[in-house]
Amino acid sequence: MGRFEGRVALVSGAASGIGAAVSARLAEEGATVVRCDIAAIPHGVLCDVTDPDSCVGAVAGAVSEHGRLDVLVNVAGIGLARRIGDVTLEEWRRVLDVNLTGTFLLSQAALSPLLESRGTIVNMASVAGLRATPYNAAYCASKGGVIMLTKSMALELASAGIRVNAVCPAATDTPFLRGFSLPEGADMALLSRSVSPMGHLIDVAEVAAAVAYLASADAATVSGTTLVIDGASTA
């Protein structure tokens with residue numbers, strides 16, 4: 001029997017990359033997975049995490065169809081490679097709206113059913129929230145915010161039986177990363193420390209395995225932590 005038999009999980013950003021891998025891993029371990037994304041997914045749910053009503057609707061739909069919610073995984077996120085002087089206010093707000101505010105909004109929408117099930121939340125942060133990366137100010141700020149949001153929620157909700165954790169991957173082999181373009185004339189020396197000493201990108205399956213651990217009973221007393229997956233690049 002899988003670790004998530006009889007449990008219902010809602011995963012945002014599930015159309016591709018880490019979100020798709022997390023959805024597959026939880027399903028393999030027995031969960032009923034509701035996949036949501038701003039992009040259409042076969043048998044999935046449309047959800048714009050920056051829209052409170054959309055978040056409430058996604059959670060309500062999952063609970064209405066399956067009767068409960070046990071796990072929320074906030075993966076939806078975007079990035080932006082700009083020199084700090086070139087970042088527009090609209091771009092800054094968009095990155096924080098999706099990565100940080102979206103995590104807050106979907107977590108808030110899911111709080112009631114998670115309280116009933118004494119469930120768990122896993123947020124997708126990043127090593128960029130722990131250590132600066134160049135040309136990435138909005139993303140770093142948003143992921144640093146996700147880490148502190150995670151810790152604050154974990155502390156506040158501990159007595160209610162809800163665990164909240166975050167995963168902090170380094171550069172992961174996803175369409176998100178492959179579509180990332182640096183500013184013209186970027187100083188590659190500034191980027192060198194982002195390379196894992198292990199010499200390769202993180203695989204989405206490795207991130208999904210970490211999420212599954214944190215969401216499972218194996219991590220029953222783990223809350224408020226950031227699980228770093230970076231091949232020693234922040235060591």
Side-chain angles (χ1 to χ4, degrees), residues 10-22 36-39 41 46-55 58 72-110 121-153 164-187 190-191 193-194 201-202 204 207 211 226 228-230 233-234:
L10 177 65
V11 181
S12 74
S16 64
I18 292 173
V22 168
C36 68
D37 201 287
I38 197 169
I41 312 172
L46 285 174
C47 180
D48 177 355
V49 296
T50 69
D51 180 354
D53 292 337
S54 186
C55 291
L72 171 65
V73 187
N74 287 298
V75 182
I78 60 172
L80 176 72
R82 293 278 193 281
R83 287 182 169 81
I84 187 62
D86 296 331
V87 179
T88 67
L89 180 57
E90 181 181 6
E91 290 171 332
W92 174 269
R93 285 175 170 165
R94 179 62 179 166
V95 173
L96 268 70
D97 280 350
V98 174
N99 296 356
L100 178 55
T101 305
T103 297
F104 159 71
L105 288 174
L106 196 54
S107 297
Q108 188 179 62
I121 299 172
V122 183
N123 296 324
M124 194 56 53
S126 168
V127 294
L130 297 169
R131 181 201 61 192
T133 57
Y135 317 117
N136 226 359
Y139 187 76
C140 288
S142 71
K143 293 303 186 179
V146 168
I147 290 170
M148 292 311 300
L149 173 63
T150 298
K151 290 179 178 294
S152 181
M153 289 197 299
V164 188
N165 291 290
V167 175
C168 294
T172 304
D173 189 10
T174 62
F176 173 91
L177 181 66
R178 291 192 290 272
F180 211 69
S181 58
L182 293 170
E184 184 177 351
D187 184 347
L190 296 178
L191 294 159
R193 66 178 185 165
S194 300
L201 295 174
I202 308 300
V204 291
V207 182
V211 171
T226 52
V228 179
I229 309 168
D230 70 345
S233 65
T234 58

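Listed for the Arg83 side chain is a donor-acceptor partner under 3.5 Å among the backbone atoms of Glu184. Side-chain atoms of Asn136 do not come within 3.5 Å of backbone N or O of Cys140 as any donor-acceptor pair. Side chain of Thr172 to backbone of Val204: no donor-acceptor contact under 3.5 angstrom is found. Judged by distance alone, with hydrogens and angles left aside, the side-chain atoms of Thr101 form no donor-acceptor pair with the main-chain N or O of Asn99 at under 3.5 Å. Using a distance-only test at 3.5 Å, with no hydrogens or angles considered, a donor-acceptor pair links the side chain of Arg131 to the main chain of Ser233.
Taken from CG in Asn74 to CG in Asn123, the straight-line distance is 5.0 Å, to the nearest 0.5 Å. Taken from OG1 in Thr50 to CG in Leu105, the straight-line distance is 8.0 Å, to the nearest 0.5 Å. Of the inter-residue distances, the one linking Met148 atom CE with Leu100 atom CG reads 11.5 Å to the nearest 0.5 angstrom.
Residues Cys168 and Ser126 fail the side-chain proximity criterion, which asks for heavy atoms closer than 4.5 Å.
Gly17 and Thr174 get closest at one heavy-atom pair: CA-CG2, 4.1 Å.
Side chains of Ser54 and Asp51: a donor-acceptor N/O pair is absent below 3.5 angstrom, by distance only.
Partner of Ser142 under the side-chain contact (heavy atoms from CB on, under 4.5 Å) criterion, out of Thr103, Leu96, Asp97, Leu80: Leu96 alone.
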